[in-house]
Amino acid sequence: MSYRIQSTPRKDGFRMPGEFEPHAGTWMLWPERPDNWRNGAKPAQKAFVAVATAISQFEAVTMGVSQSQFNNARQMLPGEVRVVEIANNDSWMRDCGPTFVVNGTSARVVDWDFNAWGGLLGGLYFPWDLDDVVARKVAEVERVDSYKAPLVLEGGSIHVDGEGTLMTTRECLLNENRNPDKNQKEIEDLLADYLNIKKFIWLNHGVYNDETNGHVDNICCFIRPGVVALTWTDDKSDPQYEISQENYEILQSITDARGRKLEIHKIHQPNPVLITEEESRGVDAVDGTLPREAGDRMAASYINFYLCNGGAIVPTFDDEHDKPALQALQALLPERKVVGVPAREILLGGGNIHCITQQQPKP
């Protein structure tokens with residue numbers, strides 16, 4: 001049974017754990033939109049299979065799939081990946097899926113409002129009604145109770161340390177296309193209630209040209225409590241330089257919920273990744289969705305990795321910075337095996353490995 005609870009997680013003693021804490025498993029959604037994924041999503045599906053296969057070395061993976069793609073996904077995915085039918089508008093489980101909260105003995109789901117990264121003010125597709133029900137369906141499949149939070153929020157717009165600290169960006173959470181009726185204090189109060197947060201770290205901007213309005217999971221993340229990794233470039237002519245520099249200064253100037261100064265590690269970004277003519281031509285042109293134009297710069301970042309039990313699944317781009325990034329992350333995560341997965345096809349859809357995964361923590 002799965003019940004809607006008329007309370008808040010904080011009131012009931014639940015909190016959102018850090019991604020680095022133990023998982024019961026990982027949730028993903030299968031890509032198929034031809035107006036977002038090139039060549040009928042076939043290259044993207046192969047990339048999603050690679051990510052799911054990599055994660056399944058470490059923990060259980062469940063793939064939500066539409067009715068029409070069920071047989072195809074079941075055939076392409078390894079047997080250890082569970083495939084369940086979940087209707088969806090697109091495959092960004094991090095953003096439309098649930099946020100799990102725990103209390104030490106059980107888990108529950110926080111179900112946010114989802115409006116496809118901006119609704120009618122710059123949102124990336126319409127409609128998004130199927131995506132908005134994904135979190136509820138996951139709660140039903142897992143037989144866990146859920147809270148309905150009165151806030152438009154995507155999972156990629158927040159990172160937590162599990163000890164009361166939340167990191168986000170003003171560019172996203174204070175954007176007029178998310179919650180125009182709420183100010184920063186009102187948003188903080190809701191996040192405090194629904195995730196059990198005591199301290200907020202507000203970065204100003206996310207990665208340059210990020211179509212999610214600057215999701216924090218592409219620019220900065222918690223490696224463990226008190227330790228963060230930040231996307232970086234040494235090229236002062238790159239628009240990313242000033243963004244990362246400003247965020248570095250903010251991170252240096254604050255403390256977390258436990259009063260610690262943060263240990264900050266810079267991870268150099270790949271060289272600018274541009275959409276090719278062939279890649280652009282492979283995407284169906286449809287009114288109301290974002291065009292994929294040749295020459296457009298994509299928001300490539302190594303920070304968009306996913307932590308799972310004993311592993312870290314990191315995007316690679318066939319770039320000279322791949323190896324140093326993997327080595328730097330392996331040094332920061334000695335307790336985990338760092339696995340690089342080629343992720344250009346995921347990036348072409350507008351996000352990366354962290355954006356297509358959602359952790360289900362152990363209770």
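- Hydrophobic clustering, defined by side-chain heavy atoms of Ile, Leu, Val, Met, Phe, Trp and Tyr closer than 4.5 Å, leaves V152 isolated from every other such residue.
- Hydrophobic clustering, defined by side-chain heavy atoms of Ile, Leu, Val, Met, Phe, Trp and Tyr closer than 4.5 Å, leaves L130 isolated from every other such residue.
- Counting only distance, with no hydrogens or angles, the side chain of N352 and the backbone of N304 share no donor-acceptor pair below 3.5 Å.
- Between W37 and W92, a ring centre-to-centre spacing shorter than 6.0 Å is recorded.
- In this structure a side-chain-to-backbone donor-acceptor pair under 3.5 Å is missing from N309 to E59.
- The aromatic ring centroids of W128 and F126 lie less than 6.0 Å from each other.
- Between Y147 and Y194, the two ring planes are perpendicular [angle over 60°; tilted spans 30° to 60°].
- Checked against side-chain hydrogen bond (donor to acceptor under 3.5 Å, both in side chains), E345 has the following partners two or more places apart in sequence or in another chain: R38.
- Salt-bridge formation is not detected for the pair K199/D256: no Lys NZ or Arg NE/NH1/NH2 atom is positioned less than 4.0 Å from an Asp or Glu carboxylate oxygen.
- For the side-chain contact (heavy atoms from CB on, under 4.5 Å) with N218, the qualifying choice from T212, T231, V207 is V207, the only one to do so.
- Using a cut-off of 4.0 Å between Lys/Arg side-chain N and Asp/Glu carboxylate O, R10 and D193 are scored as salt-bridged.
- Salt-bridge check for R258 with D161: failed, with every basic side-chain N at 4.0 Å or more from each acidic carboxylate O.
- Side-chain contact of D322 with Y302: a donor-acceptor pair under 3.5 Å is present, judged by distance alone.
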